[in-house]
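Side-chain atoms are counted along with the backbone in the values below, which use heavy atoms only and exclude waters and symmetry mates.
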Amino acid sequence: MKMIKPFLLSTVVAASLALYGCVNSPTGRQQILLFSGTEMSQLGAQSFEELKKQEKISTDKKTNAYVQCVTGVITARLAPQFNITQWEVVVFDSEQINAFALPGGKIGVYSGLLKVAVNQDQLATVIGHEIGHVMANHSNERLSRSQLANTGLQLSNVALGGSEYKNIAMAGLGLGVQYGILMPYGRAQESESDTIGLTLMAEAGFDPRQSVDLWVNMAKASGGNKPPELLSTHPSNATRIKNLKAQIAALPASNVKRPNCKL
C-alpha cells in the first residue's frame, strides 16, 4: 500500500499536467494551472456576489465616481481576457486599507484605502496591482496547488453556500473566511503583481513614481507593526520600494494623455 498511494497521486498529477500543462505568467514565471478560465471566472463572480451581501456598499456618489474613473482608465486599455467584457467595480464602506480583483472582472475597493492612496496615481498603483493578480492567474495557481495537495478538490463541486471546499476556494481567490479580510498571496506573486501593475498604470497615463510614495504611506499606516520580511509572504515595504524604483527607471516614456480623476 505504501507504494500504491504515491503512484496514484503521481498518476493524477501527471494527468492534470498533461491536460493543462505548465504555462508562463506575463513576467515569464512558470506556473501550473489546472482550472479553466471559465471555471475561475464563475467562481470569482460567485464570490463577488457573496461579498456584496456581506459587506456594506458605499453609496457616496463622489467616492464611487472617483474609483470608477481611475479603474476605468486602466481597464479600458486591457486586452479581453477570459470573456471579460466589462469590469464591475464596487466600493465597500469600510476602514480597511485594502482592495482586490477577482477572476471574471470583479474589483472591490475599501474606502479606507483612500486615506492612504491619497491621489489618483497612488490609487491606480493599487488597482493595477490587483488587476495584475488576475492577469497572472494567481488565484488559479493557488487553487491548483490545493488541487495537487488534495486531489478531491473540484471547482464544479464548490458551492459557496456551504461546500466543504468553500474555505479553500475563498483562500485561493485571496479572500478570508470572514469576507472582506484578504488573504496574502505568495511573495513571488505579490512582486509579480507589482511589476504588472506598474506597467498597467504607467501605460494608462498615471505617474508611476507615485507608486513609491504609496508604499511609503503604507509603511506609515502599518505603524511599524509589519512582521519581518522572512516571516511574511509579502515583500517588505523597503524591498517593494527598492524594486519599484528600479522598474520605474526602466519604463519607456509615456505619450498617453494624463488622466484627470478627482475626489
Side-chain angles (χ1 to χ4, degrees), residues 44 47-75 87-102 105-134 138-139 170-171 173-185 189-190 193-194 196-198 200-201 204 206-227 232-241 244 259 261-263:
S47 302
F48 200 56
E49 289 305 310
E50 193 80 6
L51 276 164
K52 288 191 291 185
K53 295 176 184 177
Q54 298 288 331
E55 296 288 299
K56 182 181 179 181
I57 297 176
S58 173
T59 57
D60 186 279
K61 293 182 179 179
K62 194 172 182 180
T63 300
N64 275 276
Y66 172 61
V67 174
Q68 290 280 357
C69 178
V70 173
T71 305
V73 172
I74 296 175
T75 57
W87 290 75
E88 181 182 1
V89 184
V90 173
V91 179
F92 295 106
D93 187 2
S94 169
E95 290 300 309
Q96 283 194 64
I97 302 172
N98 230 324
F100 64 87
L102 300 177
K106 311 298 181 182
I107 295 174
V109 175
Y110 293 92
S111 57
L113 174 66
L114 303 182
K115 296 179 180 179
V116 177
V118 297
N119 57 42
Q120 63 170 3
D121 305 291
Q122 292 181 21
L123 180 57
T125 299
V126 179
I127 298 299
H129 172 91
E130 298 305 328
I131 291 175
H133 282 306
V134 176
H138 288 163
S139 295
M170 297 301 281
L173 292 170
L175 304 170
V177 178
Q178 300 296 322
Y179 299 145
I181 300 175
L182 304 198
M183 305 293 287
Y185 284 93
Q189 294 170 326
E190 287 294 325
S193 281
D194 279 348
I196 297 170
L198 189 69
L200 291 178
M201 60 101 73
F206 293 103
D207 183 359
R209 295 171 298 180
Q210 284 291 318
S211 62
V212 174
D213 293 331
L214 168 73
W215 288 106
V216 170
N217 293 348
M218 285 287 192
K220 292 178 180 178
S222 70
N225 295 324
K226 187 175 177 62
S232 172
T233 57
H234 285 59
S236 70
N237 290 319
T239 298
R240 243 180 178 142
I241 290 170
L244 286 169
C261 300
K262 296 181 179 180
L263 179 60

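Considering only heavy atoms from C-beta on, Leu263 comes within 4.5 Å of Thr63 through its side chain. Between Val116 and Met218, some side-chain heavy-atom pair lies under the 4.5 Å cut-off. When side chains are defined from C-beta on, Glu88 counts as touching Lys52, because their heavy atoms get closer than 4.5 Å.
Taking NZ of Lys115 as the reference point, atom CG of Asn217 lies at 14.0 Å (rounded to 0.5 Å). Atom CG of Leu114 and atom CD of Gln122 lie 11.0 Å apart (nearest 0.5 Å). Taking NE2 of His138 as the start and CD of Glu190 as the end, the distance is 8.5 Å to the nearest 0.5 Å. To the nearest 0.5 Å, atom CH2 of residue Trp215 and atom CG of residue Asp194 are 6.0 Å apart. A distance of 10.0 Å separates CH2 of Trp87 from CD1 of Ile74, quoted to the nearest 0.5 Å. Note: Leu102 CG to Ile131 CD1 = 11.5 Å, rounded to the nearest 0.5 Å.
What you find for Ser211 and Leu198 is that their closest heavy atoms are OG-CD1, 3.5 Å. Nearest heavy atoms, Pro259 versus Ala204: CG-O, 3.5 Å. Contact between Leu51 and Phe92 at its shortest, heavy atoms only, is O-CE2, 4.2 Å. Pairing each heavy atom of Ile107 with each of Ala101, the nearest pair is CG1-CB, 4.1 Å.
With 3.5 Å as the limit, one finds no donor-acceptor pair spanning the side chains of Ser193 and His129.
Between the side chain of Asn64 and the backbone N or O of Ser58 there is at least one donor-acceptor pair closer than 3.5 Å. With Tyr66 contributing its side chain and Gln120 its backbone, the two residues share a donor-acceptor pair below 3.5 Å. Judged purely by atom type and a 3.5 angstrom limit, Asp121 uses its side chain to pair as donor or acceptor with the backbone of Asp207. Gln210 places no side-chain N or O within 3.5 Å of a backbone atom of Thr125 that could act as its donor or acceptor partner. Side-chain atoms of Ser111 come within 3.5 Å of backbone atoms of Ser94 as a donor-acceptor pair (strictly under, hydrogens ignored).
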Run the numbers on Phe100 and His133 for side-chain contact (heavy atoms from CB on, under 4.5 Å), then give the verdict.
CA-CA 9 Å; Phe100 64 87; His133 282 306; over 6 Å; no

side-chain contact (heavy atoms from CB on, under 4.5 Å) for Glu130 and Val109? Distances and angles first, verdict last.
CA-CA 10 Å; Glu130 298 305 328; Val109 175; over 6 Å; no

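A side-chain contact (heavy atoms from CB on, under 4.5 Å) with Val70 holds for exactly one of Thr75, Leu123, Asn119; it is Leu123.
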